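Heads up: the structure comes next, in structure tokens.
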Amino acid sequence: GLSGGRATYWAAPTSGKLQGFNSLWGALMELWTMWTHALEAGVGLIAAQLGLSEAVAIIVLTLFARAAMMPVSLASAWRMQLNKDAVARMKPALEALRAQHKADPAELARQTMALYRDNGVRFVDKLSLLNIGSQSVFGLGMFQTLNHMSFHSKFVWITNLAKPDLWLTLLVGALMLLGMTLMPGA
């Protein structure tokens with residue numbers, strides 16, 4: 001419902017911990033709404049100021065966002081490569097552990113985690129969570145924003161950007177397949 005012109009998300013009166021959760025949830029939803037409105041305004045601003053179609057403005061905004069997230073993404077990729085190299089160096093020790101503890105999976109898991117810890121291997125760390133989180137917030141925000149926007153222009157052959165397009169889906173699938181086949185080490 002509306003309360004003073006603002007959307008409320010949990011209108012039922014509650015008490016105790018649930019009320020605290022509802023307050024937190026309402027605050028998060030307010031922040032999310034501000035975020036998606038900012039994304040929509042950004043698309044509109046880029047389209048108006050640069051004289052671009054809405055589709056091209058979405059691409060430009062996405063490129064700006066990816067450039068802003070690039071330091072975290074590159075640092076996370078670098079950390080993942082270090083982990084991959086460390087695991088490759090530990091392969092003989094891991095195989096010895098598997099042979100030694102093949103009858104006891106719990107002990108194998110403990111010893112494997114200890115080996116990882118001793119060699120500085122961390123599969124999930126603050127940097128990777130920041131990378132995943134920032135990309136998720138942007139991606140989900142753009143998805144929700146695009147679902148609620150009304151488009152007034154077309155892009156290439158797509159007349160309505162809000163509706164699915166079979167040819168675009170096939171093109172994206174073909175490009176992903178091409179990218180996977182050209183990827184080194186695949």
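Hydrogens, waters and symmetry mates are skipped; everything else that's a heavy atom, side chains included, is used. Remember, predicted model here, so these are calculated numbers, not experimental data.
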Are [X] and [Y] joined in one hydrophobic group, where the rule is that I, L, V, M, F, W and Y side chains link up if heavy atoms are under 4.5 Å apart?
{"X": "Leu31", "Y": "Leu130", "result": "no"}
{"X": "Phe138", "Y": "Leu127", "result": "no"}
{"X": "Leu45", "Y": "Leu63", "result": "no"}
{"X": "Val87", "Y": "Met113", "result": "yes"}
{"X": "Met142", "Y": "Leu168", "result": "yes"}

In a check of side chain to side chain contact (heavy atoms under 4.5 Å, CB included) between Ile58 and each of Leu61, Val60, Thr62, Val56, which one passes?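 Going through the options one by one, the only one that passes is Thr62.
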If only atom types and distance count, is the side chain of Ser128 paired as donor or acceptor with the main-chain N or O of Val124 below 3.5 Å?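 Pair absent, no side-chain N/O of Ser128 close to backbone of Val124.
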Any sub-3.5 Å donor-acceptor pair from Trp35's side-chain atoms to Val137's backbone N or O?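 Indeed, once roles are kept as given, a pair shorter than 3.5 Å links the two residues.
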Which distance, rounded to the nearest 0.5 Å, do you find between the [atom1] of [X] and the [atom2] of [Y]?
{"X": "His101", "Y": "Gln111", "atom1": "NE2", "atom2": "CD", "value": "4.5 Å"}
{"X": "Leu108", "Y": "Leu94", "atom1": "CG", "atom2": "CG", "value": "8.5 Å"}
{"X": "Met149", "Y": "Asn147", "atom1": "CE", "atom2": "CG", "value": "11.0 Å"}
{"X": "Leu97", "Y": "Arg110", "atom1": "CG", "atom2": "CZ", "value": "12.5 Å"}
{"X": "Thr112", "Y": "Glu107", "atom1": "OG1", "atom2": "CD", "value": "9.5 Å"}

Could you list the donor-acceptor pairs under 3.5 angstrom formed by side chains in residues 66-80, with sequence neighbours left out?
{"unit_1": "Arg66", "atom_1": "NH1", "unit_2": "Gln135", "atom_2": "OE1", "d": "3.3"}
{"unit_1": "Ser73", "atom_1": "OG", "unit_2": "Met69", "atom_2": "O", "d": "3.2"}
{"unit_1": "Ser73", "atom_1": "OG", "unit_2": "Asn131", "atom_2": "OD1", "d": "3.1"}
{"unit_1": "Ser73", "atom_1": "OG", "unit_2": "Gln135", "atom_2": "NE2", "d": "3.2"}
{"unit_1": "Arg79", "atom_1": "NH2", "unit_2": "Gly120", "atom_2": "O", "d": "2.8"}

With a 4.5 Å heavy-atom cut-off, do Met90 and Tyr116 have their side chains touching?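 Side-chain contact under 4.5 Å: yes.
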Do the non-hydrogen side-chain atoms of Ile46 and Phe64 ever get within less than 4.5 Å of each other?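 They are in contact (side-chain heavy atoms under 4.5 Å apart), so the answer is yes.
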Start with the C-alpha gap between Trp167 and Val172, add the side-chain angles, then the distance that decides, and say whether side chain to side chain contact (heavy atoms under 4.5 Å, CB included) holds. CA-CA 9 Å; Trp167 294 109; Val172 169; over 6 Å; no
Check ion pair Glu95-Arg98 (N to O, under 4.0 angstrom):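 So Glu95 does not pair with Arg98 through a salt bridge.
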Please give me the minimum heavy-atom distance between [X] and [Y], naming the atom from each residue.
{"X": "Leu115", "Y": "Ala93", "value": "CD2-CB, 3.8 Å"}
{"X": "Leu171", "Y": "Trp157", "value": "CD2-CH2, 4.1 Å"}
{"X": "Ala47", "Y": "Ser53", "value": "CB-O, 4.3 Å"}
{"X": "Val121", "Y": "Ala86", "value": "CG2-CB, 3.6 Å"}
{"X": "Thr33", "Y": "Thr36", "value": "O-OG1, 3.1 Å"}

